[in-house]
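Here is the naming used below: chain letters follow the sequence lines, and residue numbers restart at 1 for every chain. Note that the structure is a prediction, hence the values are computed from the model and not measured.
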Protein chains: 2
Amino acid sequence: MSTTPQAAPRRATITDVAREAGTGKTSISRYLNGEMSVLSPELRARIEAAIARLDYQPNQMARGLKRGRNRLIGMLLADLTNPYTVEVLQGVEAACHALGLMPLICHAANEVEMERRYLQLLTTYRVEGVIVNALGVREETLRPVGGGGIPAVLVDRSVDGLVTDMVGLDNRAAAELGTRHLLDNGFDEIWFVVQPFEQVSSRQLREAAFREAMSAQGEQRGKSAARGHTLVLNLADADEVARSLAELDRAIDAAAQASDAAAATGNAARIALFAANAPVALCLALHLKARYGADWQARVALLSIDDPDWAELTGVTTIRQPTYEIGYRAVEFLHERIEGVQTIARDCLLPGELIVRASTLR
Amino acid sequence: MSTTPQAAPRRATITDVAREAGTGKTSISRYLNGEMSVLSPELRARIEAAIARLDYQPNQMARGLKRGRNRLIGMLLADLTNPYTVEVLQGVEAACHALGLMPLICHAANEVEMERRYLQLLTTYRVEGVIVNALGVREETLRPVGGGGIPAVLVDRSVDGLVTDMVGLDNRAAAELGTRHLLDNGFDEIWFVVQPFEQVSSRQLREAAFREAMSAQGEQRGKSAARGHTLVLNLADADEVARSLAELDRAIDAAAQASDAAAATGNAARIALFAANAPVALCLALHLKARYGADWQARVALLSIDDPDWAELTGVTTIRQPTYEIGYRAVEFLHERIEGVQTIARDCLLPGELIVRASTLR
DNA sequence: CTGTTAGCGCCTTCAA
DNA sequence: TTGAAGGCGCTAACAG
């Protein structure tokens, strides 16, 4: 049955409790702050009873105003659409809970302007610190943070000119690990596919490490060196995506022809795609499936940084990031800063884990 | 180069601005609240300048304390692991932004105790309302909310005894839509697979609607009626999952045998799985893939409520929920309540959309 | 051990 | 048009 939800009656305040318990506000405050040693058992009992009777709950805002700290931290997210973000968020949540912090979540939805506005808003709520999964771009936007402003820790990527703690994947090692895996499995042609990376440090590092690993391959391999390419996939622009995918298609077709030709000599060319993160991998997989059918993996191998749930289902090899831990550590770092720790800015690089699946094995 | 991030200097207060502008706090306050008509252009200019010089930002907490409203709302999430939750969250985020609200996100991670604690915590921050994607369970936990407490709106599921607005999928229609689709495509045996549903209204409704649709099938079909089964999959307990899946396996094998036998008569039995939500569907898909290999869809059809990103990739038919809108509407409802709207508790049931893919077609 | 007092940063009468 | 004073709910000296 539906009845009318009613407006909440005014909540009890510390004054109410004091009156109810027949004492002063100070004693109530002491009780709330656990200073039991300075409260007679008798008074204490009265207070307890009064609190229970009034269902009293101290007002965090008022406490915060007085103490100058409200246990609020901001969490600025670039893109909730990315499973990476959600996983990090879980770590953040857990750590906050453990440390008695309360996260204010803001989703910039890939818009720089939003990022700026939210940062300002957070500042207005006097959060004690912020964890920022920045859009990248320039320091400009993040002015209120780090350095002279609120303590901050960056997640996944660093921002030029911003001196703060940062925690994320060891991108160099991860990209190298993936490239090596592909090389070791005899692929002749490897395409590293990544979103525009001028602005985003983690993408830059991954791409650079990929190229280096390709250059360094020579020694290990008996046969001729595998070719490496970098393809930029701008997921924000459907036309650009289409163009990039077309380029990829041509390469795949060419490899297939070469492969057919070489098949006679038992030396078929093999092509692999190395996706810089899950959104890219998903885009690639969807395209390949549309183009080559359910059996697309027989034609192209796919390896991805990030380990979305569909990877296991489709047998795609991945490099899993310790996302939960990244979020957790970020909060720990921030907490230390809030407590006044004064070390130099720290970088915490966590290793990725290669999860080999059918896709990259033959 | 790493230097030491420094502690933030104290932020300017309204008093600082007043002094800097050579006026009283009252005028500053008026300026902040847009009461421009009562400020001489001259004073106004001075204030503007002072604010800029001091980089002043009003303290929301203090304003909140005074006004009795802080524009904060709580968002209680049962399970961030479920893509549904994240999608709803995006709608919530967007609506909050549009309405000038700030969401405090809390993740109960499927633990009732957490749900209780967070609700209490939110109350302590004096949020003006809460949006609850409840774990289900009983009203007990949600006491501080609805009725006499903070305005609340429920998402996805309602809770017995709690009188509040609620917004979610039209479960009955969705389950019926799915069942009909399966029936229309000639499946002889349909298993509805769902997590324990005694406590969760949405699951209950889906299951009930499935059974009803199965009962009501007779008239439409020329051939003998398809059989319907309900299988409970308790994802929280690995052993139970194993048992349930084993039961399913037996059914699938039996159907296969019958199918072989009937093949001669050109009348093979066909079996379909109807997953009540994405987590269930994922569990099923992973299991089937492990058991029957990449080609598992040739043996069993899968239909799922929820449309995770891997559905398109694997060709699984789904019923997509308008998740973003659900989140958005929830905030709108809540906002109305906060503004004092006093109607009876409303239910907003949004329709799901059937997305037919290869899985359920032959 | 306990209560009184003075603010935290802001808004809101009420006078000027 | 402007400002002074009081108070939101709480904490932190400072007395008693």
*Which nucleotide of DNA chain D is the first, and which the last, in the 5' to 3' direction, to come under 4.0 Å of a heavy atom belonging to chain B?*
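For DNA chain D, the relevant span reads D:dT1 to D:dG9.
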What I want to check is whether the side chains of [X] and [Y] have a donor and an acceptor closer together than 3.5 Å.
| X | Y | answer |
| --- | --- | --- |
| B:D156 | B:S202 | yes |
| B:Q90 | B:Y328 | no |
| A:E20 | A:Y56 | no |

*Should A:R69 and A:E339 count as an ion pair when the cut-off is N to O under 4.0 Å?*
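A salt bridge links A:R69 with A:E339.
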*Is a salt bridge present between B:R11 and B:D16, judged by a nitrogen-to-oxygen distance below 4.0 Å?*
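B:D16 and B:R11: not salt-bridged.
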*Contact under 4.0 Å: A:S40 side-chain N or O vs C:dT2 OP1/OP2*: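 Yes, because at least one side-chain N or O of A:S40 sits under 4.0 Å from OP1 or OP2 of C:dT2.
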*Below 6.0 angstrom between ring centroids: does that apply to A:Y118 and B:H97?*
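Ring centroids of A:Y118 and B:H97 are less than 6.0 Å from each other.
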*When you check every protein heavy atom under 4.0 Å of nucleotides 8-14 of chain C, what one-letter string (B, S, -) results, 5' to 3'?*
BBBBB-B
_Min side-chain heavy-atom separation B:P151-B:E336 under 4.5 Å_ =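 A side-chain contact is absent here, since even the closest heavy-atom pair is not under 4.5 Å.
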*Is NZ or CZ of B:R346 both nearer than 6.0 Å to the six-membered ring centre of B:F333 and within 45° of the ring axis?*
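Ring-cation test returns yes.
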